[in-house]
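See below for the structure under consideration.
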There are 2 protein chains.
Amino acid sequence: MSSPPSSPLARPADNLLYLTDEQLRQGTEAMFFAYRGFTADPDRILNKISYGRAHHRAIHFINVTRGATVNNLLSILGITKQSLNRVLRKLIEDGLVESVVGKEDRRERHLFLTDQGRDLEKQLSTAQHERMRKAFRQVGPEAVAGFRAVLEAMMDQDMRFLYNDLRNDGS
Amino acid sequence: MSSPPSSPLARPADNLLYLTDEQLRQGTEAMFFAYRGFTADPDRILNKISYGRAHHRAIHFINVTRGATVNNLLSILGITKQSLNRVLRKLIEDGLVESVVGKEDRRERHLFLTDQGRDLEKQLSTAQHERMRKAFRQVGPEAVAGFRAVLEAMMDQDMRFLYNDLRNDGS
DNA sequence: CTTGGAATGTCAACAACACTGACATAAAAT
DNA sequence: ATTTTATGTCAGTGTTGTTGACATTCCAAG
C-alpha cells in the first residue's frame with residue numbers, strides 16, 4: 001500500500017506518514033476521479049431539465065440555509081453576483097425559488113425553495129446520497145471519519161468556518 | 001430509498017454507521033468546499049499564464065503516463081476529442097507537449113511533456129501537493145487511508161480501474 | 001433633508017471549457 | 001478493396017465563470 005521512502009534517509013518527526021510525491025499524486029488523482037463520480041448522478045438529472053451544476057449548488061444551499069440573502073449565498077458559492085443572478089433569475093422564473101424582500105432591511109432578498117424547488121432538491125440529493133451512502137457503508141465509519149477530516153483540512157479557512165456553521169444550524 | 005433510522009429500531013449489520021441525510025449532506029458539502037481548496041493553488045498559477053484547469057489535467061496525465069495516445073487520454077479525462085484537441089493544440093504550440101507519431105501504429109500520437117512542460121508540471125504539482133501534504137500531516141495516516149478508501153469507493157468503476165492502473169505504472 | 005454607501009439587479013461583452021455534428025486524412029484490419 | 005479506427009479540424013451551441021458600467025432601493029450619518 002504505502003511505498004517506503006525512495007530515499008534511504010529516515011525522516012525524524014514524520015516517520016508515521018511517508019508523504020512521497022507518489023502518494024500525493026495518488027491523492028490528487030483520487031480527488032479528481034472521485035469528484036467526477038460525486039457529480040455524475042445529479043448531473044444526469046440536471047441534464048434532462050437543462051440545468052447545470054450551478055443550479056444544483058444554488059438549490060442545495062438555499063435549501064439548507066432557508067432564507068439566506070443573496071450575499072450570504074455569494075460567500076458560500078464563491079462566485080460573482082452576476083453569475084449567481086443569472087442562475088437565480090431562472091430558478092425564480094421557473095418557480096423553484098422564492099425571493100422575499102427583507103423585513104428589517106428591505107434591500108435584502110431572502111431566498112427560499114418553493115414546494116417545486118424542494119421536489120427537485122430531493123431528487124438531486126437522493127441521487128447523490130445513494131452513491132455516497134454505498135461508499136460510506138463499504139469502507140466503514142473510521143474511514144468516513146478520516147475522509148471528512150482530510151477534506152476539512154484541505155479547505156480554505158473561510159470555507160472551513162462556513163462548513164462548520166452549516167454543520168449545526170442553517171443561519 | 002432506504003431512509004435513515006428515524007425509527008428507534010436498531011439495524012443488524014449496520015449499526016456502526018448511522019447514515020442520516022444530515023451526515024450525507026455534510027459529506028456532500030465537504031466534497032464541495034474541499035474541491036475548491038484542492039484546485040485553488042494551481043488555479044492561481046494557471047491564471048497568470050492564461051491556462052485553465054483543462055490544461056492542468058492534460059499536463060498532469062501526460063506526465064504520469066509518458067507516451068499515452070490521444071485516445072488513452074480521452075478515456076482518462078472523460079471529455080470529447082474536440083475539447084481535448086483544443087487544449088492539446090495550445091500546449092503543443094506553446095512547446096509544453098510533444099506529439100510523436102506511433103512507431104507501430106502510425107495513426108496514433110504519443111504525447112510527452114517537453115522540458116518546459118515538465119517545469120510547469122512541477123510548479124503546479126508542488127503548489128497542489130503543499131496543501132495536501134499539510135492536510136495529510138495534520139490528520140494522520142489512518143485518516144488519509146480512510147480518505148483514499150472513500151474516494152475510491154465513490155468513483156465510477158471504469159475510473160476505479162484507471163485509477164488503480166495509474167497507481168503502479170504509467171502504461 | 002441631503003448625501004453617501006450598501007445591497008441588489010441588470011446589461012453587455014468576453015473567456016474557458018464542455019458539447020454535437022460534419023467532414024478529412026491516414027493507416028490498420030478485414 | 002472496403003471498412004474501421006485514430007486523429008484532427010471546422011462550425012455552432014450552451015453553461016458557467018469573469019469585468020465593467022450603471023440603475024434602483026433604502027438605511028444611516030451628517
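Labels below follow one simple rule: chain letters A, B, ... track the order of the sequence lines, proteins then strands, and each chain is numbered from 1.
Using a 4.0 Å cut-off between a side-chain N of Lys or Arg and a carboxylate O of Asp or Glu, B/R25 and B/E29 qualify as a salt bridge.
Among the atoms of the strands shown, only primed sugar atoms or phosphate atoms (P, OP1, OP2) are found under 4.0 Å from some heavy atom of A/R53. Using a 4.0 Å heavy-atom criterion, one finds that B/R89 contacts the sugar-phosphate atoms exclusively. Within the nucleic acid shown, A/H56 has no heavy atom closer than 4.0 Å to any nucleic acid atom.
For the pair B/N85 CG and C/dT25 P, the interatomic distance rounds to 16 Å; values are reported in whole Å. Distance OH (B/Y51) to C1' (C/dC17): 15 Å, rounded to an integer number of Å. Between the CZ atom of B/R86 and the C1' atom of C/dA16 there is a distance of 7 Å, given to the nearest Å. Remark: C1' of C/dA16 and CD1 of A/I79 are 16 Å apart, rounded to the nearest angstrom. B/D43 places its CG atom 13 Å from the P atom of C/dA16, with the value rounded to the nearest Å. As rounded to whole Å, 10 Å separates atom P of C/dA7 from atom CG of A/N72. The nearest whole Å value for the distance from the CG atom in B/L91 to the C1' atom in C/dC17 is 14 Å. Taking atom CG of residue A/L74 and atom C1' of nucleotide C/dA6, one finds them 14 Å apart after rounding to whole Å.
Contact check for A/F38 versus A/Q128: side-chain heavy atoms found under the 4.5 Å cut-off. Contact check for B/K90 versus B/Y51: side-chain heavy atoms found under the 4.5 Å cut-off. By the 4.5 Å heavy-atom criterion applied to side chains, B/I62 and B/L73 are counted as neighbours.
Closest to the A/E108 side chain, of the nucleotides C/dG5, C/dT8, C/dC17, is C/dT8.
Checked by distance alone, B/R107 brings no side-chain donor or acceptor within 3.5 Å of a matching partner on the base of C/dA26.
The list of salt bridge (Lys or Arg N to Asp or Glu O under 4.0 Å) pairs with a residue in residues 94-104 of chain B, not counting sequence neighbours, is empty. The salt bridge (Lys or Arg N to Asp or Glu O under 4.0 Å) pairs that include a residue from residues 44-56 of chain A are A/D41-A/R44, A/D43-A/R53, where partners are two or more places apart or lie in different chains.
In terms of position on DNA chain D, the residue among B/S99 and A/G78 whose nearest nucleotide sits closer to the 5' end is B/S99. Closest-nucleotide positions on DNA chain C for B/T80 and B/K90 were compared, and the one nearer the 5' end corresponds to B/K90. Residue order along DNA chain C, read from the 5' end via each residue's closest nucleotide, puts B/S50 first among B/Q82 and B/S50.
For the OP1/OP2 pair of C/dT8 and a distance below 4.0 Å, the side-chain nitrogens and oxygens of A/N71 include at least one atom meeting the criterion. B/S83 has a side-chain polar atom (N or O) that falls below the 4.0 Å cut-off from OP1 or OP2 of C/dC19. The shortest distance between the side-chain N/O atoms of B/R106 and the OP1/OP2 oxygens of C/dA27 is below 4.0 Å.
Between its opening and closing five pairs, the helix from C/dC1-D/dG30 to C/dT30-D/dA1 changes axis direction by 20°, a value rounded to 10 degrees.
For A/R36, the salt bridge (Lys or Arg N to Asp or Glu O under 4.0 Å) criterion is met by no residue, not counting sequence neighbours. The salt bridge (Lys or Arg N to Asp or Glu O under 4.0 Å) search around B/R118 returns B/D115, not counting sequence neighbours.
Tested against B/F32 for a ring pair (Phe, Tyr, Trp, His ring centres under 6.0 Å), the candidates A/F61, A/Y163, A/Y35 yield a single pass: A/F61.
Taking all atoms of both residues into account, the shortest heavy-atom contact from B/I92 to B/S99 is CD1-CB, 3.8 Å.
Here the range on DNA chain D touched by chain A, meaning any atom under 4.0 Å from one of its heavy atoms, is D/dT15 to D/dC27.
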